Amino acid sequence: MATARDCVLPYTLLPLGMLLVAIGYLGAVTGVTMVPFDPHHIGTQIVGLVLAFIGLRHWR
């Protein structure tokens, strides 16, 4: 039986992770700093991929 945590995690972490990856990619391509503490956009993409992966792991 799925708990509330299992229902919330995929629907929040997966889109948030994909959004962070997209922001990091667009920032790297255009050169615009989207996140002030990550000027090279690598951290944003890594955190986004980790969040998306966690969201996918809980997908049922």
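Small disclaimer: the values here were computed from a predicted structure and weren't measured. Numbers here are sequence positions counted from 1.
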Side-chain donor-acceptor pairs of residues 7-23 under 3.5 Å, sequence neighbours excluded:
{"unit_1": "Thr12", "atom_1": "OG1", "unit_2": "Val8", "atom_2": "O", "d": "2.9"}
{"unit_1": "Thr12", "atom_1": "OG1", "unit_2": "Leu9", "atom_2": "O", "d": "3.4"}

Next item on the list: Provide the closest heavy-atom pair for His41 versus Met34 in the form atom of the first, atom of the second, distance.
Entry: CE1-N, 3.9 Å
Notebook entry, point to check: What pair of heavy atoms forms the shortest contact from Pro36 to Pro39, and how long is it?
Noted result: O-CD, 4.4 Å
Notebook entry, point to check: Just wondering, more than 12 heavy atoms not from Leu56 lying within 6.0 Å of its CG?
Noted result: yes
Check: To the nearest 0.5 Å, how far apart are CD1 in Ile46 and CG in Asp38?
Finding: 8.5 Å
Next item on the list: Measure the spacing between CD of Gln45 and OH of Tyr25 and express it to the nearest 0.5 Å.
Entry: 9.0 Å
